[in-house]
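Atom set for the values below is all heavy atoms of this structure, side chains included, hydrogens, waters and symmetry mates excluded.
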Number of protein chains: 2
Amino acid sequence: MYCNKINYSTELVKTRFSIALHIMTLLSMYDNDWLSSTLIASSLNMNPVLVRKEIATLKEGGYIESKEGKNGGVRLLKTSNKILLSDIFNLIKGSDTVLSLLKNTPNPNCKVGKQINEKLASVMNTIDNAISKELQKQTLEDFKNQF
Amino acid sequence: MYCNKINYSTELVKTRFSIALHIMTLLSMYDNDWLSSTLIASSLNMNPVLVRKEIATLKEGGYIESKEGKNGGVRLLKTSNKILLSDIFNLIKGSDTVLSLLKNTPNPNCKVGKQINEKLASVMNTIDNAISKELQKQTLEDFKNQF
DNA sequence: TACAAATGTAATTATTATAATTACAGTATC
DNA sequence: GATACTGTAATTATAATAATTACATTTGTA
């Protein structure tokens with residue numbers, strides 16, 4: 001068993017949702033099998049280690065389980081018609097927002113600069129909520145059935 | 001007059017919407033004045049050259065005008081109650097999407113890999129449309145009046 | 001029991017994207 | 001003509017992302 005938390009950025013990288021949805025689509029397509037990270041990585045055409053990191057997030061979210069050792073791999077824990085695209089989005093997103101504020105601190109001596117981050121943060125949350133609401137309309141199964 | 005198009009990425013950088021909205025808020029707050037890029041940059045606490053690049057985009061969109069030379073600067077071309085936050089979002093966004101596909105080409109020999117980009121692209125557009133629809137609810141004036 | 005094939009994760013390196021800076025031509029005002 | 005702007009190219013610096021290497025651990029199976 002492993003105890004330490006991996007140091008994978010909690011930032012919502014632009015592509016992470018695509019990676020997670022691709023993985024989840026494969027798992028729902030072949031939901032009787034344990035799929036290996038190498039196989040998944042070959043579908044994505046990306047590094048297996050990165051796939052395993054994304055899998056760690058999906059596991060934490062309770063959507064998948066993994067089995068170590070020979071013939072191991074990952075598979076869904078829930079049926080795909082109970083998983084909404086918004087579930088995947090919200091999990092990946094964490095406490096980050098899809099659009100973000102500047103790193104630099106705006107000028108506190110300026111009427112606008114002093115308050116802009118607070119006001120922008122509210123807009124960012126509104127944006128994320130709108131995305132989540134939209135993605136509630138589609139289940140993983142709906143998505144998978146397009147293939 | 002300048003003829004060449006500047007080489008500013010058309011990619012929707014996570015922070016560009018914040019930058020643009022900050023600029024537009026300043027312009028609507030002080031809409032009788034020509035504000036210089038240096039002044040705007042000092043409110044944002046960022047480089048004036050980057051501000052001027054963002055200003056170039058806002059000009060192309062027809063929302064602001066600029067005046068060169070001494071006592072020059074930028075100001076709004078439209079009244080702030082005719083500018084929706086979605087207008088600014090869509091301008092900055094261009095043909096990009098807020099979330100994106102992988103750079104790597106997914107495996108064309110995989111049932112999922114072969115079609116995933118097409119399907120994901122559709123989700124990405126859905127996301128952007130949801131954001132745009134949400135941001136239609138607020139005008140620049142509404143936003144400015146919070147300050 | 002030894003081997004093979006997996007996950008899990010740390011650590012490092014490579015690559016790309018973003019931001020800042022420098023430089024300077026052009027323009028308008030005083 | 002000096003000054004204070006915009007516009008933009010080119011370069012450099014920094015940060016973020018992705019890939020790789022390495023290896024401990026686990027599990028099935030010959």
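The side chain of B/Ser37 places an N or O atom within less than 4.0 Å of a non-bridging phosphate oxygen (OP1 or OP2) of D/dT6. For D/dG7, the OP1/OP2 oxygens have no side-chain nitrogen or oxygen of B/Arg52 closer than 4.0 Å. Of the side-chain N and O atoms in B/Asn71, none sit less than 4.0 angstrom from OP1 or OP2 of D/dT3. The side chain of B/Ser66 places an N or O atom within less than 4.0 Å of a non-bridging phosphate oxygen (OP1 or OP2) of D/dG7. A/Lys59 has a side-chain polar atom (N or O) that falls below the 4.0 Å cut-off from OP1 or OP2 of C/dG8. Within the structure, a side-chain polar atom (N or O) of A/Lys103 is placed less than 4.0 Å from OP1 or OP2 of D/dA16.
Expressed to the nearest 0.5 Å, how far CD1 of A/Ile83 lies from CD of A/Gln138 amounts to 13.0 Å.
Nearest heavy-atom pair, B/Phe143 versus A/Leu120, reported as atom, atom and distance to 0.1 Å: CZ-CD2, 4.1 Å. A/Ser66 and A/Val74 get closest at one heavy-atom pair: CB-CG1, 3.5 Å. Taking every heavy atom of both residues into account, A/Asn45 and B/Thr105 meet most closely at ND2-O, 2.9 Å. When all heavy atoms of B/Thr97 and A/Lys14 are compared, the closest pair comes out as O-NZ, 3.7 Å. Between A/Ser43 and B/Cys110, the closest heavy-atom pair is OG-SG, 3.2 Å. Closest heavy-atom contact between B/Leu84 and B/Gln136: CD2-O, 3.7 Å.
Nearest-nucleotide positions on DNA chain D for A/Lys67 and A/Pro48 put A/Pro48 closer to the 5' end. If B/Val49 and B/Gly72 are placed on DNA chain D by their nearest nucleotide, the residue sitting closer to the 5' end is B/Gly72.
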Could you pull out every donor-acceptor pair under 3.5 Å between side chains of residues 111-119 of chain B and any protein atom, sequence neighbours left out?
none

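Remark: the backbone N or O of B/Thr139 is paired with a side-chain donor or acceptor of B/Asp142 at under 3.5 angstrom. Looking at B/Asp33, its side chain never comes within 3.5 Å of a backbone N or O of B/Leu35 through a donor-acceptor pair.
Across C/dT9, C/dA23, D/dT6, the shortest atom-to-atom separation from the side chain of B/Glu68 is found for D/dT6. Side-chain atoms of B/Ser36 lie closest to D/dC5 of the nucleotides D/dT26, D/dC5, D/dA9.
Atom C1' of nucleotide C/dA6 and atom CH2 of A/Trp34 are separated by 12 Å, given to the nearest angstrom. Rounding to whole angstrom units, CZ of residue A/Arg16 and C1' of D/dA16 are separated by 13 Å. If you take NZ of A/Lys14 and P of D/dA16, they are 16 Å apart, rounded to a whole angstrom. A/Asn45 has its CG atom 12 Å from the C1' atom of D/dA19, to the nearest Å. In this structure, B/Leu101 atom CG and D/dA18 atom P are separated by 13 Å, rounded to whole Å. Here D/dC5 presents its P atom at 13 Å from CG of B/Asp33, a figure rounded to the nearest Å. To the nearest angstrom, P of C/dT15 lies 15 Å from CG of A/Leu50. In this entry the distance linking CG of A/Leu102 with C1' of D/dT14 reads 15 Å, nearest Å.
The rotation axes computed at either terminus of the helix from C/dT1-D/dA30 to C/dC30-D/dG1 lie 0° apart, taking five pairs at each end and rounding to 10 degrees.
A/Ile131 pairs in a side chain to side chain contact (heavy atoms under 4.5 Å, CB included) with only one of the listed residues (B/Ile127, B/Asp128, B/Thr126), which is B/Ile127.
A/Asn47 comes within 4.0 angstrom of a nucleotide base, judged by non-hydrogen atoms across all strands. Across all strands shown, A/Val74 has no heavy atoms under 4.0 Å from either base or sugar-phosphate atoms.
Partners of A/Ser36 under the side chain to side chain donor-acceptor pair (under 3.5 Å) rule, at least two apart in sequence or in another chain, do not exist in this structure.
Donor-acceptor pairing under 3.5 Å is lacking for the side chains of A/Asp31 and A/Ser28. Defined by atom type and a distance below 3.5 Å, a donor-acceptor pair is present between the side-chain atoms of B/Ser132 and B/Asn90.
Across residues 105-116 of chain A, not one residue has a non-hydrogen atom less than 4.0 Å from an atom of DNA chain C.
Between A/Leu99 and B/Phe17 the shortest side-chain heavy-atom distance falls below 4.5 Å.
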Between the protein and nucleotides 11-13 of chain D, which nitrogen or oxygen pairs are less than 3.5 angstrom apart?
none

Got a list of protein N/O to nucleotides 1-4 of chain C N/O distances below 3.5 Å?
none

